[in-house]
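In the text below, chain A, chain B and the rest are named by the order of the sequence lines, each starting its count at 1.
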Amino acid sequence: MKQRAPWQRTHTCGELSLAQKDRDVVLNGWIENHRHHGQLIFLDLRDRYGVTQIVVDQEAKGLAAGTFDTVRRLGAEDVIAVHGRVRARDADKQNKNRSTGEIEVLATAVTVFTEAETPPFEILDKAEANEELRMQYRYLDLRRRPLQEAMAKRARFVTAIRNYMAEHRFLDLETPILTKSTPEGARDYLVPSRVHPGKFYALPQSPQIFKQLCMVAGLDRYYQIARCFRDEDLRADRQPEFTQIDLEMSFVEEHDVLDLVEGMVVHGMREGFGIELPQPFPRFDFEEAMETYGCDKPDLRFEMKLIDCTELARRSSFKVFAGAVELGGIVKGICAKGAAEKFSRKGIDELTAFVAGLGAKGLAWAKVTAAGLEGSIAKFYEGDKAKELCAHMAAAPGDLLLFVADQKRVVHKALGDLRLKVGGQLGLRDPKQFRCCWVLNFPMFEWNDEKQRWQFAHNPFSAPVDWSVQDFTRDTAQIRSRAYDFVMNGWELGSGSIRIHRPALQAKVFEFLGISPEQQRANFGFLLDAYKYGAPPHGGIALGVDRLVALALGRDGIRDVIAFPKTSMAFDLMADAPGGVSPEQMAELQIASTAKRPG
RNA sequence: GGGGGCGUAGCUCAAUUGGUUAGAGUACCGGACUGUCGAUCCGGUGGUUGCGGGUUCGAUUCCCGUCGCCCUCGCCA
C-alpha cells in the first residue's frame, strides 16, 4: 500500500460530496477566502479541482489545541492542510453555486505550509487587474479558474491529438531547435555558437525541412507538437514562440491529408473541449472562395455570399455600375437578410466609410420593401428591374442589399470584409458556433510589388498542381500549387501542401525565383541532396495550436491560452527576458553589441 | 517603422475652465460578531499622479521628450 504522509491530502477540493459524509479527510490547498464570525471561521480552500468550505469552530469537539488561533491569523493565498470530518450542510446553508456546496469540512487540525504575502491583485474569476500586472505575476494569474480551465482543456486537447496520431501510425519525432537560418520567410531568432566563433544557429520557424527529410528517411508518418519561433512584430493572435501540430505523410495526395486532419480536428475538439464539429468540412477551390466570400479564409457561420451582378450592371442606367464594367471591373453584392431595419442611414454611411477605407470608391445600397427598393440605387432599379435584381440577389422584403463596383481585387477585398462586419453586427458570428472548411489550390506565386519580383505564396516546397509545368514565366499568376489551408470561423488555423519530391523540379522553382544554385546549396543543400537518394511523394500540414485553443475557448487572443506569454514587444514581464549578459559571456561567444542603449 | 488608446493608493477607478489637505470601492491592519459563502458592522494605515523637462503665482489637468502595456497597418515564404 502506498505511503501517505499525515499532511497529504486524501481528497481534492473538488471531489467531496455527501458520499463522503462523516469521513475523516485531509485537504491541501490555497485559502481563497475567509469569513470570521468570532468563535466561528469559514475558509474557502481552493485547488485545481475546486473549492471546499472549511469550518473552524472554537467549540467543536476534537479541535486541536492552538488551531483556532492559528487559523485566525491566516489570510488569502496561504497554503495549508486541513484535517477534519466531512459534514452535511442543512438545506438552508448549502451553496448551490458550487459542486461541493452540499457539504463542508469541520476542521480538527490545520497545518500551515507557507504563509503568503498579500498578492498584488486578488485571485478572482473575473480578471480585475490589468494584463500587464497579471503577466508580471503570471503564476498568480494562472491560479484563476478561467486560466486553470484553459490550461487543462489545452492539455486535454493535445493529449487527444497525440492519441489520435498514435492510432494512425504517426511517429512523434523530435527535430532540432538549434538549426540553420534561411533567408526566405520570417526573421529568425539567432543563437551564437561558442565553438564556431562568428557562426549562428537559428531557432526553427517550423520543422518544415526536417519533416520532409523524415519522409526521405522512410519514416512514413511524422508528427510533432512543435514549438516554432518567428522574430516578427506581434499581434493578439501572434507570439514570438508558438506551437504547431506539425505532420507529414508519405505516398499521399491532398484528400489523404485532408481526411486525416479533419478526423484529428474533430477528435481533438470533441475530447478537448466537448465541441462537436459539423462534418464534412466543405472544400473550396481558392478561386471559388475568393469569388464567393471575397477572401481565402471564409467564415462559414453565416451565408451572405458575394453575388456577381456584373451582367445586370452592364446594361444598367446607373453609371457607376455600367462604368465600372466598361473599365473591365466587376459588380458584386451581398444580401443581408432582414437587415434593412437594423441599418439606419447613419449605419450605412458608416459601412460606406468602411469600404472606402478598403479602397472602394463607394457603396451602393438598397433596402427591399414590398413596394420595391429604397436607397441609393432605387431610382435606377424600378418596377421590373427591381424585381429582376431582387430575384438575382435572392432578396425578400426587409433585406438590405450592398454593392461594390470596381476592379475585381478591390470588390473582393471590400465586400469580403464588409460581409464579416455586417455579419458581426447582425450577431451572425456566434463564438459558440464552429464551422470549418478547406481552401485548396492556392496560387503558387505572388507578385511582390516592393521587391518587384515573384515570390512563394505558400512555401518553396509546394508542388504545382500540374506536374508537367516546365516554364514558370508563362501565366505565372495562374499557376496553382497543391497548397491547402484549414480554416475555422474565418481564422486560418493550418496550412500545408503536397510537396515537390523531384530535385529537378525543385531546382526549377528556385531558379525561377532567382535563387542561384549556390544559394540553393547554401540554404537547402541537404534537402536537395536527400532528394537524390529516393524521395517518396509526400505532403503534410501544420496547425496552430494556440489559435485553435483560443478559438475553441472563445478567447480574443492567444495570450490567454499560453501559460507564460510575452508582451507585444516580445518581452517576458515575469522572467524579465530578454536580458543583458555579462561581458564574459559575450567574449566567450566572440560577439559584441552595437546597441545604442543596451538593456 | 507608422497610427490610435491607456498609465493617479497593493488593485479597480474618480478628481469641475489649471486652484484649498488628490477622493471612493476593494484589498490590507485592528476591533465586534456562532452559519457565512465576494459575510456584515466600527475604526485605521496607505500617494514620487509611470519617468524627465517645460509653461504658470499654482500642473493629475496644458506642452515636449521618454518608458511600459494594449489594439492596429506594414511585416509574419
Participant: So which nucleotide from B/C76, B/C37, B/C11 ends up closest to the side chain of A/Arg230?
Facilitator: B/C76

Participant: What is the separation between atom CD on A/Gln212 and atom C1' on B/A77, rounded to the nearest whole Å?
Facilitator: 13 Å

Participant: When the nearest nucleotide of RNA chain B is assigned to A/Ser568 and to A/Asp92 on a heavy-atom basis, which residue is associated with the more 5' position?
Facilitator: A/Asp92

Participant: For A/Glu492, report the nucleic acid contact type (base, sugar-phosphate, nothing); a contact means any heavy atom under 4.0 Å.
Facilitator: nothing

Participant: Can you tell me how far P of B/C6 sits from CD of A/Glu132, to the nearest Å?
Facilitator: 15 Å

Participant: For B/U60 and B/U8, measure between their C1' atoms and round to the nearest Å.
Facilitator: 6 Å

Participant: Under a 4.0 Å threshold between the charged nitrogen and the carboxylate oxygen, would A/Glu32 count as salt-bridged to A/Arg145?
Facilitator: yes

Participant: Kindly give the heavy-atom pair with the smallest separation between A/Leu493 and A/Met488, and that separation in Å.
Facilitator: CD1-CB, 3.5 Å

Participant: Could you give the distance separating B/G2 and B/U40 at their P atoms, to the nearest angstrom?
Facilitator: 50 Å

Participant: Could you give the CD-to-C1' distance, from A/Glu59 to B/C33, as a whole number of Å?
Facilitator: 14 Å

Participant: Return the pairing partner of B/G65 with a 3.5 Å limit on both distances, Watson-Crick or G-U wobble; otherwise return none.
Facilitator: B/C51

Participant: Please report, rounded to the nearest Å, how far the C1' atom of B/C70 is from the CZ atom of A/Arg134.
Facilitator: 12 Å

Participant: Of all the choices, B/G35, B/C28, B/C70, which nucleotide is nearest to the side chain of A/Gln53 once you look at every atom?
Facilitator: B/G35

Participant: Just name whichever nucleotide pairs with B/G35, Watson-Crick or G-U, keeping both distances under 3.5 Å, else none.
Facilitator: none

Participant: Please determine if A/Glu128 and A/Arg144 form a salt bridge, counting it only when a charged side-chain N lies under 4.0 Å from a carboxylate O.
Facilitator: no

Participant: Output yes when at least one side-chain N/O atom of A/Asn130 is less than 4.0 Å from OP1 or OP2 of B/U12, else no.
Facilitator: yes

Participant: Evaluate the side-chain proximity of A/Gln224 to A/Thr175: yes if any heavy-atom separation is below 4.5 Å, no if none is.
Facilitator: yes

Participant: Which nucleotide in the list B/U36, B/U34, B/G10 gets nearest to the side chain of A/Glu104?
Facilitator: B/U36

Participant: Please report the distance, rounded to the nearest Å, between CD in A/Gln239 and C1' in B/C70.
Facilitator: 13 Å

Participant: Counting only heavy atoms not in A/Trp30 (residues, nucleotides, ligands), do more than 12 fall under 6.0 Å from its CH2?
Facilitator: no

Participant: Tell me which nucleotide among B/U72, B/A77, B/C37 gets nearest to the side chain of A/Arg98.
Facilitator: B/C37

Participant: Side chain of A/Asp90, base of B/G35: donor and acceptor closer than 3.5 Å?
Facilitator: no

Participant: Please pick, from B/U34, B/C69, B/C28, the nucleotide with the shortest atom-to-atom distance to any side-chain atom of A/Met135.
Facilitator: B/C69

Participant: Does the separation of the ring centres of A/Phe284 and A/Trp438 fall below 6.0 angstrom?
Facilitator: no

Participant: Which nucleotide in the list B/C70, B/U34, B/C11 gets nearest to the side chain of A/Leu133?
Facilitator: B/C11

Participant: Under 3.5 Å, is there an N or O donor on one side and an acceptor on the other linking the side chain of A/Arg238 and the base of B/C75?
Facilitator: yes

Participant: With a 3.5 Å limit on both atom pairs, tell me what B/G30 is paired to, counting Watson-Crick and G-U wobble, or say none.
Facilitator: B/C42

Participant: Grab the two heavy atoms, one from A/Ser497 and one from A/Ser462, that are nearest each other, plus how far apart they are.
Facilitator: OG-OG, 2.9 Å

Participant: Taking only N and O in the side chain of A/Arg235, is any of them less than 4.0 Å away from OP1 or OP2 of B/C73?
Facilitator: yes

Participant: Counting only distance, no hydrogens or angles, is the base of B/C70 paired donor-acceptor with the side chain of A/Arg559 under 3.5 Å?
Facilitator: no

Participant: Atom CG of A/Leu63 to atom C1' of B/U34: distance rounded to whole Å?
Facilitator: 14 Å

Participant: Which nucleotide, B/G35, B/U72, B/G68, lies nearest any side-chain atom of A/Leu573?
Facilitator: B/G68

Participant: Please give the distance between the C1' atoms of B/G43 and B/G4 as a whole number of Å.
Facilitator: 46 Å

Participant: Using the P atom as the reference point in each nucleotide, state the distance between B/G52 and B/A59 in Å, no decimals.
Facilitator: 15 Å

Participant: Mind checking if A/Pro120 touches a base, just sugar-phosphate, or nothing, with heavy atoms under 4.0 Å?
Facilitator: sugar-phosphate

Participant: If each of A/Glu122 and A/Arg187 is mapped to the nucleotide of RNA chain B with the nearest heavy atom, which maps nearer the 5' terminus, i.e. the 5' end?
Facilitator: A/Glu122

Participant: Please determine, for the side chain of A/Glu232, which listed nucleotide (B/U36, B/C75, B/G38) has the closest atom?
Facilitator: B/C75

Participant: Quickly work out the A/Met569 CE to B/C76 P distance and round it to whole Å.
Facilitator: 19 Å

Participant: Report the distance from atom CG of A/Asp296 to atom P of B/A77, rounded to the nearest whole Å.
Facilitator: 14 Å

Participant: Which nucleotide, B/U36, B/C70, B/C11, lies nearest any side-chain atom of A/Arg35?
Facilitator: B/U36

Participant: Starting the side chain at C-beta, find the nucleotide from B/C11, B/U26, B/C75 nearest to A/Phe121.
Facilitator: B/C11

Participant: What integer number of Å spans the P atoms of B/G19 and B/U61?
Facilitator: 11 Å

Participant: For B/A59, which nucleotide in any strand shown is its Watson-Crick or wobble partner with both distances under 3.5 Å?
Facilitator: none

Participant: What distance, rounded to whole Å, do you find between the two P atoms, one in B/C70 and one in B/G53?
Facilitator: 28 Å

Participant: Taking the C1' atom in each of B/G68 and B/G50, what is the distance between them to the nearest angstrom?
Facilitator: 8 Å

Participant: Considering Watson-Crick and G-U wobble pairs with both distances under 3.5 Å, what does B/G25 pair with?
Facilitator: B/C11

Participant: How far does the C1' atom of B/C28 sit from the matching atom of B/G65, given to the nearest Å?
Facilitator: 37 Å

Participant: Measuring only between side-chain heavy atoms, which start at C-beta, is A/Phe121 closer than 4.5 Å to A/Asn130?
Facilitator: no

